[in-house]
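Note on naming: letters A, B, ... go to the chains in the order of the sequence lines (proteins, then strands), and numbering restarts at 1 for each one. Keep in mind it's a predicted model, so treat the numbers as computed, not measured.
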Number of protein chains: 2
Amino acid sequence: MKKPDSPTSKSIAAALGVSVATISRVLTRPDLVNERTRERVLRGIERLGYRPNLAARDLRRGQTGTILVLAPLLGSFWLEILYGVEKAADERGFSVLLANTRADQNREKAYLDLVASHRADGIILITAALPVGGKSFALSLPPVVLAAEPLPSSELPAVLVDHAGGAEEAVRHLINLGHRRIAHIAGPDSVISAGARMSGYRKALRAARLPVDESLIQRGFFSLESGTIAMHALLRQRRVPTAVFCANDLMAIGAIQALKSVGLRVPTDVSIVGFDDEMLAQIYDPPLTTVHIPRFDTGYQAMMILADLVAQKRPVRSITLPTRLVVRGTSVAPQNRRAAP
Amino acid sequence: MKKPDSPTSKSIAAALGVSVATISRVLTRPDLVNERTRERVLRGIERLGYRPNLAARDLRRGQTGTILVLAPLLGSFWLEILYGVEKAADERGFSVLLANTRADQNREKAYLDLVASHRADGIILITAALPVGGKSFALSLPPVVLAAEPLPSSELPAVLVDHAGGAEEAVRHLINLGHRRIAHIAGPDSVISAGARMSGYRKALRAARLPVDESLIQRGFFSLESGTIAMHALLRQRRVPTAVFCANDLMAIGAIQALKSVGLRVPTDVSIVGFDDEMLAQIYDPPLTTVHIPRFDTGYQAMMILADLVAQKRPVRSITLPTRLVVRGTSVAPQNRRAAP
DNA sequence: TTGAAAGCGCTACCAG
DNA sequence: CTGGTAGCGCTTTCAA
């Protein structure tokens with residue numbers, strides 16, 4: 001029985017007749033090593049299957065090469081952001097720790113501590129609604145970058161999305177189609193981006209000199225059911241809207257289902273526009289007109305900023321990414337009912 | 001200017017007038033410490049905001065308390081497995097590193113190395129189709145648990161799903177409804193579970209003494225488009241099937257869209273059953289009859305097994321989880337066309 | 001019950 | 001260009 005212990009720099013050094021310092025240099029600053037020794041060491045490492053112990057390296061360097069992605073829940077929406085983070089992390093030589101806080105403050109705190117505990121160098125916070133532990137948080141702040149969703153009154157660097165602009169474009173699209181009575185199914189007040197989407201809706205209406213009818217604004221919770229309920233409420237109005245702009249795709253689909261359930265057709269009777277452009281939007285029947293959010297890019301940029309932050313490179317700025325309207329099958333010009341037989 | 005360095009066990013020990021050993025013991029073996037000292041140390045730790053340096057702990061212990069989840073791509077399907085892994089990891093005190101191999105062998109190799117590099121203690125492999133670096137892999141094997149998808153000829157502990165049983169139940173459901181001409185849109189040959197689903201299909205047919213018509217079996221690639229294409233191929237058969245069992249939900253929806261495009265209705269003209277029970281299946285119109293896979297549980301169990309493996313606890317076994325048929329709106333008894341006017 | 005001290009494996013500094 | 005070596009902060013004997 002031999003020792004099945006994995007080789008260390010020391011054992012490799014001994015086997016090759018060089019010092020551990022040389023092993024280390026070959027791996028981290030190869031330019032400082034004579035080419036022939038370097039080759040020899042490299043071959044030895046390969047042959048003996050040596051892998052540097054990153055725990056030791058981390059300890060010595062005081063860094064981990066790992067970042068933490070913290071999300072309150074992990075829907076398919078956030079998943080794509082994660083892809084982007086991963087891609088960038090890969091390029092910058094970081095590993096990605098993933099943690100799901102399930103919107104629990106305690107869990108969140110615990111995960112934030114991972115940075116203080118030297119398990120990660122920084123954090124990408126993908127969150128909505130949930131403020132992070134108040135002021136005490138801001139004090140001993142680890143490197144944090146916000147992704148996709150702003151936090152109230154926070155100076156943290158962030159990669160944001162132009163929710164208001166996207167909403168405005170969506171509603172303008174409806175207006176250009178000829179709609180005059182356009183409703184809005186909004187997201188919860190607690191979510192900042194939901195507010196931004198609503199203000200975009202209002203702005204587009206005002207820009208077209210259309211009245212903003214508050215009874216045409218219903219609030220939902222981003223769930224399919226809440227979209228259905230909101231739509232039914234809209235249907236009870238004296239004059240039913242000819243189009244509805246929904247704050248996300250799921251509620252848009254809920255609205256469509258409500259419409260179908262009372263025998264109204266989309267888009268013939270009512271046009272619907274969603275927000276987010278989830279996979280769902282493309283696949284649904286009819287395919288949903290919606291506002292695309294550059295999720296992958298959001299994650300990618302956030303990771304890049306975080307990497308700079310950790311390396312204390314350039315001064316960090318926040319950036320806002322544009323959205324893009326994707327016109328599919330749920331938005332058409334309003335049909336003049338009286339023209340029908 | 002004071003040192004903004006984070007406190008270490010040494011600095012805490014000095015501040016409290018105890019030795020570093022005591023600090024360590026309070027945190028890891030509190031029972032070995034006198035109650036009063038323990039209280040005092042705990043308070044001191046709290047007050048000074050001490051967090052043990054996990055890199056140092058990892059180095060000393062030779063373990064990291066971190067596991068790696070390796071997935072070839074991260075669809076919403078895998079996401080729920082991830083939830084389960086996370087939950088269990090949380091319970092067992094592990095952190096979760098996430099890596100997306102994008103089905104690239106090199107990246108996969110690199111990530112596998114994270115264990116050898118002491119960045120993680122073990123791996124949960126969520127994969128399909130892709131064999132992992134051949135025999136050399138099996139040699140210096142880190143603790144690995146397979147989730148959801150078996151690997152060809154592998155002895156690795158795994159949490160599997162009874163794909164064949166689920167498929168059989170789905171087809172039996174169709175048969176019980178009165179269908180006799182049931183087609184199958186299969187997944188790619190390279191995916192083992194796709195094969196299992198097909199064999200379940202065959203088995204159900206045989207059990208009902210129904211002929212297995214090979215022309216009624218079309219192959220797809222788990223994508224929506226491939227489902228559409230396969231359905232069109234089925235439509236070209238001399239006698240169109242009255243029901244189609246699809247190897248996943250996406251292809252089922254592709255099939256439905258193909259049917260709609262030629263003016264056939266689901267389920268009136270043709271019944272459709274999917275597999276996986278993705279969120280999509282519930283939301284789609286009509287809602288899809290499909291086979292539910294216990295994804296969360298799969299991840300949860302896999303993590304539990306891995307934790308045991310890492311701790312070298314009980315001998316590790318593989319387990320197979322059952323599926324569950326979810327009857328929704330796309331499967332009904334076949335309509336007798338001749339009875340129509 | 002507590003303290004002193006020996007490393008875990010690596011990197012980076014200092015000599016040569 | 002290379003080697004020797006001092007720690008990084010922690011856990012864990014071994015003594016007291």
Between A21(B) and A21(A), who's closer to the 5' end of DNA chain D by nearest nucleotide?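 This one resolves to A21(A).
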Would you mind reporting whether [Y] and [X] have side-chain heavy atoms less than 4.5 Å apart?
X: W78(A); Y: R295(A); value: no
X: L321(B); Y: L160(B); value: no
X: V20(A); Y: K10(A); value: yes
X: Y300(A); Y: M304(A); value: yes
X: V161(A); Y: S193(A); value: no
X: L112(B); Y: L114(B); value: no

Given atom [atom1] of [X] and atom [atom2] of [N], what is their separation to the nearest angstrom?
X: I12(A); N: dT2(D); atom1: CD1; atom2: C1'; result: 18 Å
X: L16(A); N: dT2(D); atom1: CG; atom2: P; result: 13 Å
X: E35(B); N: dT1(C); atom1: CD; atom2: C1'; result: 13 Å
X: E39(B); N: dT1(C); atom1: CD; atom2: P; result: 14 Å
X: I23(B); N: dG3(C); atom1: CD1; atom2: C1'; result: 12 Å

N34(B) side-chain proximity, nearest of dT2(C), dT12(D), dG3(C):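 The listed nucleotide nearest to N34(B)'s side chain is dT2(C).
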Just to verify, which of T66(B), L68(B), T64(B), I67(B) counts as forming a side chain to side chain contact (heavy atoms under 4.5 Å, CB included) with S95(B)?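 Between S95(B) and the candidates, side chain to side chain contact (heavy atoms under 4.5 Å, CB included) is satisfied uniquely by T66(B).
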Tell me which one of T28(A), T22(A), I23(A) satisfies side chain to side chain contact (heavy atoms under 4.5 Å, CB included) with V26(A).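 Exactly one candidate clears the test, T22(A).
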Enumerate all atom pairs, one protein N or O and one N or O from nucleotides 6-9 of chain C, separated by less than 3.5 Å.
residue : atom : partner : partner atom : Å
dG7(C)  : N2   : R60(B)  : NH1          : 3.1

What is the distance from atom CD of Q63(A) to atom NE2 of H118(A), rounded to the nearest 0.5 Å?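 The distance works out to 10.0 Å.
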Heavy atoms of other groups near R36(B) CZ, more than 12 under 6.0 Å: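 Counting other residues, nucleotides and ligands, CZ of R36(B) stays at 12 neighbours or fewer.
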When we call it a touch if two heavy atoms are under 4.0 Å apart, what does T22(A) touch: a base, just sugar-phosphate, or nothing?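 The answer is sugar-phosphate, as T22(A) gets under 4.0 Å only of primed atoms, P, OP1 or OP2.
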Near DNA chain C, counting only heavy atoms under 4.0 Å, which residues of residues 25-33 of chain A show up?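 R25(A), T28(A) - these, ordered by number, are the residues of the stretch whose heavy atoms sit under 4.0 Å from the strand.
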If we fit an axis to the first five pairs and another to the last five of the helix from dT1(C)-dA16(D) to dG16(C)-dC1(D), what angle do they make, to the nearest 10°?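 The end-segment axes of the helix from dT1(C)-dA16(D) to dG16(C)-dC1(D) are tilted 40° relative to each other.
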Given DNA chain C, 5'-ward residue of the pair S24(A) and V18(B), judged by closest heavy atom: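 Closer to the 5' end of DNA chain C: V18(B).
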State whether R92(B) and D308(B) are salt-bridged, where the test is any N-O pair (Lys NZ or Arg NE/NH1/NH2 against Asp/Glu carboxylate O) under 4.0 Å.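 Yes, charged N to carboxylate O under 4.0 Å.
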